[in-house]
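Written below as structure tokens is the structure these notes are about.
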Amino acid sequence: MGRLVVVSNRVPLPSERGAKAGGLAVALADALQPGSLWFGWSGRRNARGSAVTHVQRSDGITYATVDLTEADYHSFYVNFSNGALWPLLHYRLGLIDFKSEDYDGYRSVNRQFAAALQPLLRADDLIWVHDYHLIPLAAELRGMGVKNRIGFFLHTPFVPPDIFHGMPRSVELLTNLCAYDVVGFHTRGYRASFLDCVAETLGIHPDPDGRFVWRGHAVRAIVDPIGIDADSFAACAREAAKSSDARLLRESLGRGALAIGVDRLDYSKGLVNRFQAIGRFFGNYPQHRREISFLQVAARSREDQGAYQRLRRELDQIVGDLNGRYSEFDWTPLRYMTRAVKRDTLAGFFRISRLGIVTPLRDGMNLVAKEYIAAQDPNDPGVLILSRFAGAAEEMTEALIVNPYDADEVAEAMHIGLSMDLEERRERWQALYDKVTGSTARRFCTVFLNHLGHADLQPERPTLRAIS
Ligand code: ADQ
């Protein structure tokens with residue numbers, strides 16, 4: 001196989017990474033061998049935008065990044081990627097704020113990325129593009145004559161045609177995806193939605209393996225669920241459970257148990273519904289008051305968007321109402337933190353908690369569900385409550401699967417989880433642990449790159465003109 005070139009919106013630069021490695025950096029750790037190149041946005045904004053490519057090297061890997069202008073940052077990143085595509089791909093048509101000038105900015109940044117990347121490419125590079133910010137990148141590269149194999153992995157869900165076409169310019173976005181050789185999704189359901197869009201919109205009927213040809217170009221849609229390095233997360237949790245942070249947390253609980261939720265502060269994660277379910281739980285099952293405290297760690301995210309500011313205010317209010325109603329002078333039902341906590345500290349917190357609450361309204365996969373399982377003590381494991389709308393629910397069927405919109409059902413699952421005997425907890429956990437250790441980050445990369453490495457190379461590939 002040729003050199004691997006990873007392209008993502010943000011590049012986790014080694015100089016900035018510190019102790020907290022991002023999810024993508026962890027997932028791709030095995031795939032990024034010395035010699036690989038990682039390309040994307042530096043995270044910086046300045047007047048020159050993408051005119052200069054910054055290059056750093058670390059452990060044999062080259063990190064090449066470009067800056068964005070203030071205007072591009074807003075149109076490409078804040079407004080179109082996160083203000084339109086993100087809600088679309090999470091089934092939230094009502095939250096889409098589409099403006100054609102933002103879409104133009106999105107296309108323009110993808111063109112700038114392609115122009116900055118193209119001179120760095122070698123003929124046999126395998127190019128692996130990540131996530132919704134960069135849907136048009138392959139079409140732009142093809143328009144510049146790049147003939148390499150190019151794959152795309154979507155970390156969010158994909159939506160059925162009726163929802164997808166709620167987005168203006170949806171057909172352009174769909175045909176842009178057809179400029180990739182391999183398009184990867186976390187679940188069978190997301191792939192089916194994509195192929196339904198292809199069939200309905202483009203009039204092409206993919207074969208049962210997700211293969212089809214669009215304007216002479218062979219495309220393959222694959223299912224490749226992302227995973228974690230479960231063994232190292234488990235080892236990290238064993239150590240972190242002995243740390244002073246974990247000890248202080250345990251002491252602060254007194255004789256009570258801990259239930260934990262860890263999410264980015266994002267409306268897709270279902271925190272409003274989750275907090276309502278916690279209130280319902282203490283209302284419906286008063287016998288559990290004082291027996292358990294909930295800890296929600298919700299790292300602030302995308303704060304320059306109105307929807308996120310409104311969400312934060314709403315959550316502040318619900319937490320205040322809930323704690324005001326149920327707290328005792330020596331017991332707080334819901335502890336709520338809006339900052340990031342280090343990964344290893346969280347691993348220790350997962351291990352000492354009796355319930356893991358993962359109830360997104362929609363989520364591509366949700367790695368927290370897998371991390372929670374990896375972190376448990378096999379002799380006394382906690383119980384995972386998991387939304388049926390997380391991609392992880394397709395595999396993790398031994399969790400207590402809930403409808404996150406149904407506060408009574410989630411409250412009942414909390415009651416069942418807290419009351420579950422050790423034997424059942426062990427059985428469920430063992431089945432889940434086997435799945436988490438069988439579907440790792442390494443497997444995710446290997447499957448994708450095997451497909452990409454074997455994608456048809458078409459010397460006479462017709463140039464797919466970038467649609468602008
Ligand atoms: P995210 O929406 O960021 O990712 P998720 O998969 O849950 O969602 O989390 C990514 C990582 O961030 C996890 O390792 C988690 O431990 C960490 N994290 C989350 N909240 C944190 C917090 N409050 N403090 C510290 N760390 C925190 C997107 C998609 C997901 C998909 C991933 C990977 O939205 O559906 O699973 O990409 O494909």
Side-chain angles (χ1 to χ4, degrees), residues 6 8-10 12 17-29 81-82 85-92 128-133 152-158 184-187 189-190 223-230 232-233 236-237 240 245 260-271 274 295-302 308 312 315 335-351 356-375 384 386-387 389-396 436 439-441 444-445 448:
V6 170
S8 61
N9 173 49
R10 277 304 309 273
R17 222 178 279 160
K20 185 179 166 290
L24 194 57
V26 174
L28 298 182
S81 295
N82 290 334
L85 273 176
W86 177 267
L88 171 78
L89 294 169
H90 290 85
Y91 290 69
R92 301 293 289 271
W128 189 4
V129 179
H130 288 265
D131 232 0
Y132 59 98
H133 315 83
F152 177 82
F153 189 82
L154 183 67
H155 289 263
T156 66
F158 199 87
F185 301 92
H186 288 300
T187 72
Y190 306 158
V223 178
D224 185 17
I226 198 167
I228 60 167
D229 181 349
S232 80
F233 200 83
C236 172
D245 284 343
I260 191 164
V262 172
D263 307 79
R264 273 188 311 102
L265 213 168
D266 191 293
Y267 50 79
S268 65
K269 302 295 180 183
L271 297 174
R274 186 179 308 171
L295 170 62
Q296 177 65 52
V297 183
R300 289 195 292 266
S301 164
R302 305 177 190 173
Y308 289 76
R312 203 170 153 201
L315 290 170
R335 305 171 185 198
Y336 172 56
M337 302 168 54
T338 59
R339 60 190 145 79
V341 173
K342 282 197 302 203
R343 224 173 120 79
D344 54 352
T345 308
L346 284 176
F349 291 178
F350 286 155
R351 192 171 175 94
I357 319 282
V358 180
T359 54
L361 304 180
R362 289 282 165 185
D363 214 332
M365 172 56 72
N366 195 297
L367 294 177
V368 172
K370 299 190 173 191
E371 291 168 353
Y372 181 78
I373 291 301
L384 176 65
L386 179 60
S387 163
F389 301 123
E394 192 172 282
E395 296 169 287
M396 301 179 76
V436 171
S439 178
T440 56
F444 163 71
C445 293
F448 193 93

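We count ligands from 1, going down the list as the structure has it; atoms in each ligand are counted the same way.
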Item checked: Minimum heavy-atom distance Gly364-Tyr190, with the two atoms named ->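 Looking at all heavy atoms of both residues, the closest pair is O-OH, 2.8 Å.
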Check: Between Lys370 and Ser439, which heavy-atom pair has the shortest distance, and what is it?
Finding: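 Smallest heavy-atom distance, with atoms named: NZ-OG, 4.1 Å.
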Checklist line | Close approach, His186 and ligand 1, non-hydrogen under 4.0 angstrom | finding: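 His186: in contact with ligand 1 (<4.0 Å).
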Item checked: Heavy atom of Thr156, distance to ligand 1 below 4.0 Å ->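 The answer is no: ligand 1 sits nowhere under 4.0 Å from a heavy atom of Thr156.
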[X]: numbered ligand 1 atoms lying under 4.0 Å from its heavy atoms:
X	value
Arg343	14 (O)
Val297	23 (N)
Leu346	24 (N), 25 (C), 26 (N)
Ala299	22 (C), 23 (N)

Please check whether [X] reaches ligand 1 - meaning an N/O of the residue sits under 3.5 Å from an N/O of the ligand, judged on distance alone.
X	answer
Leu367	yes
Asn366	yes
Gly364	yes
Val262	no

Check: Would you say Asp263 and Val368 make side-chain contact, with heavy atoms under 4.5 Å?
Finding: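 SC-SC contact between Asp263 and Val368 ruled out.
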Next item on the list: Could you tell me whether the side chain of Leu361 reaches within less than 4.5 Å of the side chain of Arg92, counting heavy atoms only?
Entry: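 Yes, their side chains come closer than 4.5 Å.
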Under 4.0 Å, heavy atoms only, figure out whether ligand 1 is touched by the backbone of [X], its side chain, both or neither.
X	value
Trp86	side chain
Val341	backbone
Glu371	side chain

Next item on the list: Specify whether His90 and Trp86 have parallel, tilted or perpendicular ring planes, treating 30° as the upper limit for parallel and 60° as the lower limit for perpendicular.
Entry: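 Rings of His90 and Trp86: tilted, as their planes differ by 30° to 60°.
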Check: Would you call the rings of Tyr308 and Tyr267 parallel, tilted or perpendicular if under 30° counts as parallel and over 60° as perpendicular?
Finding: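 Correct class here is tilted.
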Notebook entry, point to check: With a 6.0 Å cut-off on ring centres, are Phe444 and Phe153 close enough?
Noted result: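 Close enough - the centres of the two rings lie under 6.0 Å apart.
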Notebook entry, point to check: Any idea which of His155, Lys269, Met337, His130 brings a heavy atom closest to atom 1 (P) of ligand 1?
Noted result: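 Result: the heavy atom closest to atom 1 (P) of ligand 1 is in Lys269.
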Notebook entry, point to check: What residues form a side chain to side chain contact (heavy atoms under 4.5 Å, CB included) with Thr338, not counting sequence neighbours?
Noted result: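 Scan of Thr338 (side chain to side chain contact (heavy atoms under 4.5 Å, CB included), adjacent residues dropped) gives Leu265, Arg300, Arg312, Tyr336.
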Next item on the list: Determine, for Asp245 against Lys342, whether the closest basic-nitrogen to carboxylate-oxygen distance falls under 4.0 angstrom.
Entry: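 Result for this pair is no, no salt bridge flagged.
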